[in-house]
Amino acid sequence: MLNLSGKNALVTGIANNRSIAWGIAQQLHAAGANLGVTYLPDEKGRFEKKVRELVEEPIAPSIFVPCDVQNDEQIQEAFNTVADKWGKLDILIHCLAFADKEGLSGDFSAISRQAFSQALEISTYSLGRLAGAAKPLMNEGGSIVTLTYLGGVRAIPNYNLMGVAKAGLEMSVRYLAAEMGPHNIRVNAISAGPIRTLASSAVGGILDMIHHVEEVAPLRRTVTQTEVGNAAAFLCSDLASGITGQVLYVDAGYEIMGM
Ligand code: NAD
């Protein structure tokens, strides 16, 4: 049985009730994990309030801290809080990404240097950075899960810059799995089918992509945040103890199709 009781799980990337990270947090909680949540702070504190109101009652996180992955001090402070409050970390969910709009439509060759480095820093580099901060706290082994998309292995209309970020992310998963395996820390990615969220609404033509998946995928639909959450809970559990360095498609089967 899938049982995460006694496990401490830090979840990044919850912005609202449509976030994939929210689906994951709820399923980890349902499996018995003790939750910590990070949020992206903004000047007026609106994100903090919104995320706090969303998570407070349903999952009662024992840690709730800001963590902008472009800010090394915030990363360190978040993991210091984990060390002080929990002593050990078992699960890290990396469920965040960002690319400027200019990188998500139009010509790939027109993407600016600045947009390119920002997207790669937030969406790709951050996995290794957070995994490195988690490693010393995963002293009883652990599981790290990140979120990717098919646009990291195939040229999907408008996914452009994020496709490069996801290709790098998937390769980071393999290198991190190789580094951390001897410490019994497993690192995997879930490649989710398209879901309507704040981040995906920035990708040009996302609704067309969802409709296409609904017509073509073997299951004739796309997936839900809960289905992705269930797969994440599995990867974080002892049921997946032999799995590391993998990209698991949770996409209603779309990836196998030739169209
Ligand atoms: P979302 O907008 O709900 O989540 C994106 C999160 O990234 C937000 O919580 C945001 O605060 C966070 N973020 C952005 N910049 C950050 C920074 N500098 N520091 C810390 N956090 C930052 O959208 P989502 O679709 O749930 O995205 C979550 C992950 O799932 C992303 O990696 C995305 O690429 C991936 N994904 C999404 C889909 C989809 O169709 N929605 C499909 C496959 C993979």
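These numbers come from the heavy atoms of this one structure, side chains and all, not from hydrogens, waters or symmetry mates. Numbering of ligands and ligand atoms starts at 1, following listing order.
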At a 4.0 Å threshold, what atoms of ligand 1 neighbour a non-hydrogen atom of [X]?
X      : result
Ala15  : 8 (C), 9 (O)
Cys67  : 19 (N), 20 (C)
Gly193 : 40 (O), 42 (C)
Pro194 : 40 (O)
Leu147 : 29 (C), 30 (O), 32 (O), 35 (C)
Thr197 : 23 (O), 24 (P), 25 (O), 26 (O), 41 (N)
Asp68  : 17 (C), 18 (N), 19 (N)

Rounded distance [0.5 Å steps], [atom1] in [X] versus [atom2] in [Y]:
X      : Y      : atom1 : atom2 : result
Trp86  : Ser62  : CH2   : OG    : 5.0 Å
Tyr159 : Ile206 : OH    : CD1   : 8.5 Å
Gln70  : Gln118 : CD    : CD    : 5.5 Å
His212 : Thr222 : NE2   : OG1   : 11.5 Å
Ser237 : Asp90  : OG    : CG    : 12.5 Å

Test item: Pro66 and Glu48 side chains (from C-beta on) under 4.5 Å apart, heavy atoms: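 Pro66 does not reach Glu48 side chain to side chain.
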
Residue pair [X] / [Y], side-chain donor-acceptor N/O under 3.5 Å:
X      : Y      : value
Ser5   : Asn3   : yes
Asp72  : Gln76  : no
Gln246 : Asn188 : no
Ser19  : Gln225 : no

Test: Arg221 and Glu214 ion pair at under 4.0 Å: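 No salt bridge links Arg221 with Glu214.
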
Lys49 and Glu53 ion-paired at < 4.0 Å: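 Between Glu53 and Lys49 there is a salt bridge, with a charged N closer than 4.0 Å to a carboxylate O.
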
Look only at interatomic distance and state if [X] has a nitrogen or oxygen under 3.5 Å from any nitrogen or oxygen of ligand 1.
X      : result
Phe98  : no
Ala21  : no
Ile122 : no
Lys166 : yes

What protein heavy atom sits nearest [atom], and how far away is it?
atom                    : result
atom 9 (O) of ligand 1  : Gly13 O, 2.8 Å
atom 14 (C) of ligand 1 : Ala97 O, 3.6 Å
atom 3 (O) of ligand 1  : Ser19 OG, 2.6 Å
atom 11 (O) of ligand 1 : Leu40 CB, 3.5 Å
atom 36 (N) of ligand 1 : Ile20 CD1, 3.9 Å
atom 27 (O) of ligand 1 : Ala199 CB, 4.2 Å
atom 28 (C) of ligand 1 : Cys95 O, 3.3 Å
atom 41 (N) of ligand 1 : Ile195 O, 3.0 Å

For ligand 1, the portion of Ile14 having any non-hydrogen atom under 4.0 Å away: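 The part of Ile14 near ligand 1 is the backbone, not the side chain.
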
Per atom 43 (C) of ligand 1, closest listed option by heavy atom (Leu130, Thr222, Thr148):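 Looking at heavy atoms only, the winner is Thr148.
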
Aromatic contact, Tyr254 with Tyr249 (centres under 6.0 Å):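 When the ring centroids of Tyr254 and Tyr249 are compared, they turn out to be at least 6.0 Å apart.
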
